[in-house]
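Report on one structure; see the data block that follows.
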Amino acid sequence: MSGRLAMAIMLVFTAIGHFAFTKGMSMMIPKVIPFKSSFVYLTGIFEILLAIGLLIPKLKTISGWTLIIFLLLLLPANVYAAINHVNYQNGTFNGNGLVYLWFRIPLQILFIIWTYASSIRI
């Protein structure tokens with residue numbers, strides 16, 4: 001339960017980022033995808049719903065699998081943001097670039113393992 005609680009708290013904080021840094025997070029989405037701001041808001045809401053789902057015993061497994069899929073689907077946006085030097089907090093193109101991926105990809109893998117271990121494998 002403590003692992004799921006910690007992941008839920010992390011998800012709430014990242015969801016807040018979707019509302020606080022909407023412009024910058026919109027810049028992480030490739031130009032071919034329309035309604036970027038709406039997409040950022042929806043994924044923020046989705047993260048909150050996943051956080052709640054992880055805390056409800058009957059929903060923890062489906063929420064865990066859904067979160068793992070969600071994390072995998074977010075990886076291309078992170079790669080796109082790194083290639084284009086997106087600084088999501090400032091909403092500019094002066095971010096860390098590909099160096100960001102050296103941090104982000106292992107973190108994404110950690111979150112996937114953490115989610116699996118605390119909500120699915122138990």
Side-chain angles (χ1 to χ4, degrees):
M1 178 60 181
S2 60
R4 291 193 318 272
L5 178 61
M7 182 59 69
I9 291 168
M10 187 277 303
L11 285 169
V12 169
F13 278 108
T14 58
I16 290 168
H18 286 243
F19 302 102
F21 305 114
T22 305
K23 178 185 175 196
M25 288 197 169
S26 295
M27 294 168 65
M28 295 175 70
I29 302 171
K31 295 179 196 286
V32 298
I33 297 176
F35 309 111
K36 291 177 185 55
S37 293
S38 297
F39 194 69
V40 171
Y41 289 132
L42 286 174
T43 54
I45 292 167
F46 190 62
E47 287 180 356
I48 293 168
L49 293 174
L50 285 171
I52 293 167
L54 287 174
L55 300 177
I56 298 172
K58 289 184 179 183
L59 298 177
K60 69 179 182 208
T61 303
I62 190 70
S63 297
W65 281 117
T66 304
L67 178 56
I68 289 170
I69 293 167
F70 181 70
L71 290 168
L72 290 171
L73 291 173
L74 287 181
L75 193 56
N78 287 304
V79 171
Y80 178 85
I83 290 170
N84 292 289
H85 296 270
V86 173
N87 182 333
Y88 77 89
Q89 291 179 329
N90 296 332
T92 60
F93 290 104
N94 66 350
N96 293 327
L98 293 175
V99 173
Y100 171 73
L101 294 179
W102 287 107
F103 168 75
R104 186 60 193 192
I105 290 175
L107 184 64
Q108 205 86 345
I109 292 168
L110 172 67
F111 288 157
I112 289 169
I113 293 169
W114 181 349
T115 300
Y116 181 80
S118 67
S119 65
I120 298 166
R121 192 185 63 132
I122 55 173

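This chain uses plain numbering: 1 for the first residue, then up along the sequence. From a predicted model like this one, the values you see are computed outputs, not experimental measurements.
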query = Just how far is it from atom CZ of R4 to atom CD1 of I120, taken to the nearest 0.5 Å?
reply = 11.0 Å
task = Answer yes if L42 and L71 sit in the same cluster of Ile, Leu, Val, Met, Phe, Trp and Tyr residues linked by side chain heavy atoms under 4.5 Å apart, and no otherwise.
result = no
query = Which distance, rounded to the nearest 0.5 Å, do you find between the CD1 of I68 and the CD1 of I113?
reply = 9.5 Å
inquiry  = Evaluate N78 against M28 for side chain to side chain contact (heavy atoms under 4.5 Å, CB included), listing each step before the verdict.
reply    = CA-CA 7 Å; N78 287 304; M28 295 175 70; 3.4 Å; yes
query = Is there a path of hydrophobic side-chain contacts, each under 4.5 Å between heavy atoms of I, L, V, M, F, W or Y residues, that connects I109 with L75?
reply = yes
query = Which pair of non-hydrogen atoms, one from N84 and one from F93, has the smallest distance, and what is that distance?
reply = O-CD2, 3.2 Å
task = Indicate, with yes or no, if I29 and Y41 share a hydrophobic cluster defined by side-chain heavy-atom contacts under 4.5 Å among Ile, Leu, Val, Met, Phe, Trp and Tyr.
result = no
message = With rounding to the nearest 0.5 angstrom, report the OG1 to CG distance, T115 to L110.
response = 9.0 Å
task = Give a yes or no on this: more than 12 heavy atoms of other residues, nucleotides or ligands lie within 6.0 Å of atom CZ of F35.
result = no
query = Passes side chain to side chain contact (heavy atoms under 4.5 Å, CB included), L67 versus F111? Steps please.
reply = CA-CA 9 Å; L67 178 56; F111 288 157; over 6 Å; no
task = Look up atom OG in S119 and atom CH2 in W65, then write down how far apart they are to the nearest 0.5 Å.
result = 8.5 Å
ask   = What do you reckon, is CZ of F39 surrounded by more than 12 foreign heavy atoms closer than 6.0 Å?
value = no
task = Hey, could you give me the CE/NZ distance between M25 and K36, rounded to the nearest 0.5 Å?
result = 15.5 Å
query = Would a hydrophobic clustering, with Ile, Leu, Val, Met, Phe, Trp and Tyr connected at side-chain separations under 4.5 Å, put I112 with F103?
reply = yes
key: All side-chain hydrogen bond (donor to acceptor under 3.5 Å, both in side chains) counterparts of T22, not counting sequence neighbours   = none
Distance-only criterion, 3.5 Å: show the donor-acceptor pairs between side-chain atoms of residues 8-16 and protein atoms not counting sequence neighbours.
| from | atom 1 | to | atom 2 | distance (Å) |
| --- | --- | --- | --- | --- |
| T14 | OG1 | M10 | O | 3.3 |
| T14 | OG1 | L11 | O | 2.9 |
| T14 | OG1 | E47 | OE1 | 2.8 |

task = Could you grab the distance from atom NZ of K60 to atom CE of M1, nearest 0.5 Å is fine?
result = 10.0 Å
key: Shared hydrophobic cluster for L74 and L107 (ILVMFWY, side-chain gaps under 4.5 Å)   = yes
query = Considering all heavy atoms of both residues, which atom of W114 and which atom of A6 are nearest to each other, and what is their separation?
reply = CZ2-CB, 3.4 Å
remark   = P30 and Y80 have their tightest heavy-atom pair at CA-CZ, 3.6 Å
